[in-house]
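What follows is a set of notes on a single structure, which appears directly below.
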Amino acid sequence: MILTNQELADIFDRIADLLEIKGEVIYKTLAYRKAAESLRGLAEDAAVLQGQNRLTEIPGVGKAISEKISELLTTGKLGFLEKLEQEVPPTLTELLQVPDVGPRKAALFWKQLGVTNLAELEAAARDGKLRSLPGMGEKSEKRVLEGIEALKRRPKRRLLGNVRPAALRMLDWLRAQPGVEKADLAGSLRRWRATIGDLDLVAASNSPTEVMQAFTSQPEVLRVLGQGENKASVELKDGMNVQLWVQPPERYGTLLQFVTGSKDHNVRLRELAQKKGLSLSEQSIKESNGTERLYAEETAVYAAFGLPWIPPELREDRGEIPAALANKLPNLIEVSDIRADLHTHTTWSDGTASIQQMAEAAIHLGRKVLAITDHSGGLGVAQGLSIERLRQQRLEINQVQERLGEQIVLLQGSEIEIHADGSLDYPDDVLAELDIVIASLHTSLRQERAVITARLLRAMRNPHVDVIGHPSGRLMPNREGADLDWEQVLAAARETGIALEIDALPMRLDLDEVYARRAAEMGIPLVIDTDAHAPDQLELMEYGVSVARRAWVGPESVINTWESERLLGWLKKRQ
DNA sequence: GCCGTTTTCGGCCCGACTGTTTTCAGTCG
């Protein structure tokens, strides 16, 4: 069994948690966290890098951590971790999930009370045993209990697509408050991360106290977690945590920059500041003599370090600061670049709208090409089309095309099922009749790596297949994607010229940003589709575009930004 | 534990807020 980059990253985060509780110097734990984060952003399997003796090329991975990766990949175990788990009870890391409980308090509860897991902590708090510990009191004990309750109510991370509409409503509310001059979404929401923990908002105001007061007394607020001059934090009734940060307008640029993050991006930027004898915070940039420079605009903050403005989607410490320094930031794709949607469903399979309704909605959004790609017969749950029904559908598509004339080009396609053995659901002569063929994995996703990779490769090598739909098959937050050998998948994509899809449904966002970036670097064509099952889902395109932007992808790599003639020519040539 | 156009050793980002404290530790982002 081969450990994935994600699994390795989880192990190093776990080591960091245990080392922190143990009381190891902070920089050691930070080193493990940095290595974990790098592994998550890495498109090449660590196992491949190990084989080539290139593990230390991973940022934040040196001698010690590379040896641990090798040991894990070779034996599946890690002596260092096993020894650590003898010293610190492994279940103790549960305590770190509780708000306001960090490594020091977890260690305190363990050493003084023998607490080793969440249930024991809750019991100790209920028995009033926490209040008498050093540095603790009745209020702290109550906060721990409330934190445990909040943990039970709240899912860990939510999907961007579920959070964003509500966040935009709250932003509108904030902008309408008296005394608020400017306000924006910040944090992972502004960076368009696929999943969101807490919600961060920033505002510019000269009357922060009033703004904070209004914020914490909204009817949706369940409880106030903290409230000061510059910052307030609340838990909403639905379990969501929201932070609001306020500075006067002349400091808004540094505030927005700071709260947007990511944390790692900010650390890099502050290192850069230090080298120039400056100190960056959410308040200002300070010179070494203490003189403050104030920035109302975020662009000016970056300019102060000689950098162009960096789009928030890139701020993950994945090379964006060196790229900005060299003036080599990518020209990112925009939603307005999108001309076609090549993956949609109608009532012919499991969609809720007719071909005509979907086409009209697509025209309304300015699409020039729309592919109707209902499921093939094999996917029983989605009422896939038999060959006979597929041919009937062509007639209706032709009729709708006639009615709509030149407003849009309709294509007939299929989202065809890849069987467990890699064969496809329709015979080749039927596939040849279609304008576009998207092959997707929906079933038997748990096959082991060699099997499912060979299965996908077989489908990719069918010359009628134009696109691989949502390649990993993941459904967030619960279903992991297939355990594919991405080296082979990407190599096959390059060899066959097939396009890989970024599915824009917020629960998919698949390809993810890590592999989308690698694919684009390899010159593999990408396509961003909504996979819409209803007219309003055609608007979800922006989520797919956000993945491409986070993957440093420009419009040229994405075939549905191309002029219609070029796109149709590409499809025709593939046949 | 990592890393180097200031360094192979000595650094490693910065501030708000809370609760427990009489000046600070812990947590968080």
Side-chain angles (χ1 to χ4, degrees), chain A residues 12 15-16 19-21 23-38 55-69 80 95-109 130-144 146-147 186-191 197-202 208 212 216 224-234 241-247 251 254-255 257-286 292 317 322 325:
Chain A
F12 288 123
I15 290 173
L19 286 176
E20 263 193 305
I21 295 171
E24 185 59 84
V25 287
I26 188 67
Y27 296 110
K28 196 179 277 197
T29 69
L30 285 175
Y32 281 103
R33 291 202 196 284
K34 169 67 191 161
E37 207 41 46
S38 282
L55 281 175
T56 51
E57 288 177 20
I58 303 170
V61 173
K63 184 166 181 291
I65 293 183
S66 67
E67 283 170 1
K68 291 184 175 69
I69 294 175
F80 176 78
L95 271 52
L96 303 180
Q97 297 167 29
V98 181
D100 301 316
V101 176
R104 314 304 293 257
K105 285 187 182 167
L108 182 73
F109 301 151
L130 302 188
R131 63 184 67 181
S132 51
L133 296 173
M136 295 286 293
E138 273 187 52
K139 278 189 179 172
S140 304
E141 183 178 82
K142 187 157 165 268
R143 244 179 129 89
V144 168
E146 285 172 352
S188 49
L189 209 51
R190 184 166 179 240
R191 302 197 314 276
D198 297 346
L199 206 157
D200 292 295
L201 296 168
V202 292
M212 290 304 186
T216 54
V224 178
L225 303 167
Q227 182 176 354
E229 270 285 294
N230 302 102
K231 189 182 161 188
S233 177
V234 299
N241 278 10
V242 187
Q243 266 99 240
L244 174 63
W245 312 65
V246 183
Q247 289 286 342
R251 296 179 189 266
T254 39
L255 176 69
Q257 195 288 318
F258 169 77
V259 185
T260 298
S262 67
K263 200 175 160 136
D264 291 335
H265 172 85
N266 286 354
V267 168
R268 286 281 167 268
L269 201 58
R270 286 171 168 174
E271 284 171 0
L272 196 63
Q274 272 198 326
K275 283 184 189 154
K276 293 180 184 283
L278 301 169
S279 159
L280 170 66
S281 77
E282 64 264 49
Q283 301 256 3
S284 62
I285 296 176
K286 267 190 203 147
E292 277 195 304
D317 189 25
L325 278 168

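In the text below, chain A, chain B and the rest are named by the order of the sequence lines, each starting its count at 1. Reckoned from all heavy atoms, side chains included, excluding hydrogens, waters and symmetry mates.
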If you look at every strand shown and take non-hydrogen atoms under 4.0 Å, does [X] touch a base, only sugar-phosphate, or nothing?
X	result
A/Ser279	sugar-phosphate
A/Glu67	nothing
A/Arg143	sugar-phosphate
A/Leu280	sugar-phosphate

Over how many whole Å does the gap from [X] atom [atom1] to [N] atom [atom2] extend?
X	N	atom1	atom2	value
A/Leu255	B/dA16	CG	P	11 Å
A/Arg268	B/dC2	CZ	P	14 Å
A/Leu133	B/dG19	CG	P	17 Å
A/Leu269	B/dC14	CG	C1'	12 Å
A/Lys28	B/dG1	NZ	C1'	7 Å
A/Glu24	B/dG1	CD	C1'	9 Å
A/Gln227	B/dG19	CD	P	12 Å
A/Leu244	B/dC17	CG	C1'	14 Å

Between [X] and [N], does any side-chain N or O lie under 4.0 Å from OP1 or OP2?
X	N	value
A/Ser233	B/dC17	no
A/Gln283	B/dA16	yes
A/Lys142	B/dG19	no

Just how far is it from atom [atom1] of [X] to atom [atom2] of [Y], taken to the nearest 0.5 Å?
X	Y	atom1	atom2	result
A/Met212	A/Leu244	CE	CG	4.5 Å
A/Leu108	A/Leu95	CG	CG	11.0 Å
A/Glu141	A/Leu133	CD	CG	8.5 Å
A/Ile26	A/Leu30	CD1	CG	4.5 Å

Expressed as a whole number of Å, how far does the [atom1] atom of [N] sit from that of [M]?
N	M	atom1	value
B/dC3	B/dT7	C1'	9 Å
B/dC14	B/dC9	C1'	25 Å
B/dT21	B/dC17	P	22 Å
B/dT20	B/dA25	P	16 Å
B/dC13	B/dT8	C1'	24 Å
B/dA16	B/dC12	C1'	22 Å
B/dG26	B/dT22	P	14 Å

List the atom pairs, donor and acceptor, that lie under 3.5 Å between side-chain atoms in residues 277-284 of chain A and the rest of the protein, sequence neighbours left out.
from: A/Ser281; atom 1: OG; to: A/Gln283; atom 2: N; distance (Å): 3.0
from: A/Ser284; atom 1: OG; to: A/Glu292; atom 2: OE2; distance (Å): 2.7

Exercise. Under 4.0 Å between a Lys/Arg side-chain N and an Asp/Glu carboxylate O for A/Asp200 and A/Arg190?
Worked result: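 Here A/Asp200 does not pair with A/Arg190 in a salt bridge, since their nearest N and O are not under 4.0 Å apart.
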Problem set entry | Test item: A/Ser262 side-chain N/O and A/His265 main-chain N/O as donor-acceptor pair under 3.5 Å |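 Between the backbone of A/His265 and the side chain of A/Ser262 there is a qualifying donor-acceptor contact (under 3.5 Å).
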Exercise. Got a donor-acceptor contact below 3.5 angstrom from the A/Ser233 side chain to the A/Leu225 backbone?
Worked result: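 Checking the backbone N and O of A/Leu225 against the side chain of A/Ser233, no donor-acceptor pair under 3.5 Å is found.
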For this session: At under 4.0 Å between heavy atoms, which parts of nucleotides 22-29 of chain B does protein reach? Answer with one letter per nucleotide, 5' to 3': B base, S sugar-phosphate only, - none.
Result: ----SSSB
Problem set entry | Side chain of A/Lys139 - closest among B/dG1, B/dC17, B/dG19 |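 The listed nucleotide nearest to A/Lys139's side chain is B/dG19.
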Exercise. When you measure from the side chain of A/Ile65, which nucleotide among B/dG1, B/dA16, B/dC14 comes out closest?
Worked result: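 Of B/dG1, B/dA16, B/dC14, B/dG1 is nearest to the side chain of A/Ile65.
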For this session: Can you sort out which residues in residues 30-38 of chain A have a heavy atom within less than 4.0 Å of DNA chain B? Ascending by number, please.
Result: A/Ala31, A/Tyr32
Exercise. Reading DNA chain B 5' to 3', what string of ( ), [ ], | and . shows its pairs, if Watson-Crick and G-U wobble pairs count only when both distances fall under 3.5 Å?
Worked result: ((((....)))).((((((....))))))
Exercise. Taking atom CZ of A/Arg104 as the centre, does the number of heavy atoms from other residues, nucleotides or ligands within less than 6.0 Å exceed 12?
Worked result: no
Problem set entry | Closest-nucleotide ordering on DNA chain B, the 5'-leading residue of A/Glu141 and A/Val61 |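 Looking at the nearest nucleotide for each, A/Val61 comes out on the 5' side.
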For this session: Assign each of A/Gly60 and A/Ser140 to its nearest nucleotide of DNA chain B by heavy atoms, then name whichever residue's nucleotide is nearer the 5' end.
Result: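 Its nucleotide being nearer the 5' end, the pick is A/Gly60.
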Exercise. What heavy-atom pair brings A/Thr56 and A/Gly62 nearest, and what distance separates the two atoms?
Worked result: CG2-O, 3.7 Å
For this session: Could I get the full list of salt bridge (Lys or Arg N to Asp or Glu O under 4.0 Å) partners for A/Lys63, not counting sequence neighbours?
Result: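 A/Lys63 satisfies salt bridge (Lys or Arg N to Asp or Glu O under 4.0 Å) with A/Glu67 once adjacent residues are dropped.
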For this session: I would like to know whether A/Arg143 and A/Glu146 meet salt bridge (charged side-chain N to carboxylate O under 4.0 Å, His left out); could you show each step before the answer?
Result: CA-CA 5 Å; A/Arg143 244 179 129 89; A/Glu146 285 172 352; over 6 Å; no
For this session: Over 60° means perpendicular and under 30° means parallel, so classify the ring planes of A/Tyr32 and A/Phe80, tilted if in between.
Result: parallel
Exercise. Can you name the residues that form a side-chain contact (heavy atoms from CB on, under 4.5 Å) with A/Asn230, not counting sequence neighbours?
Worked result: A/Gln247
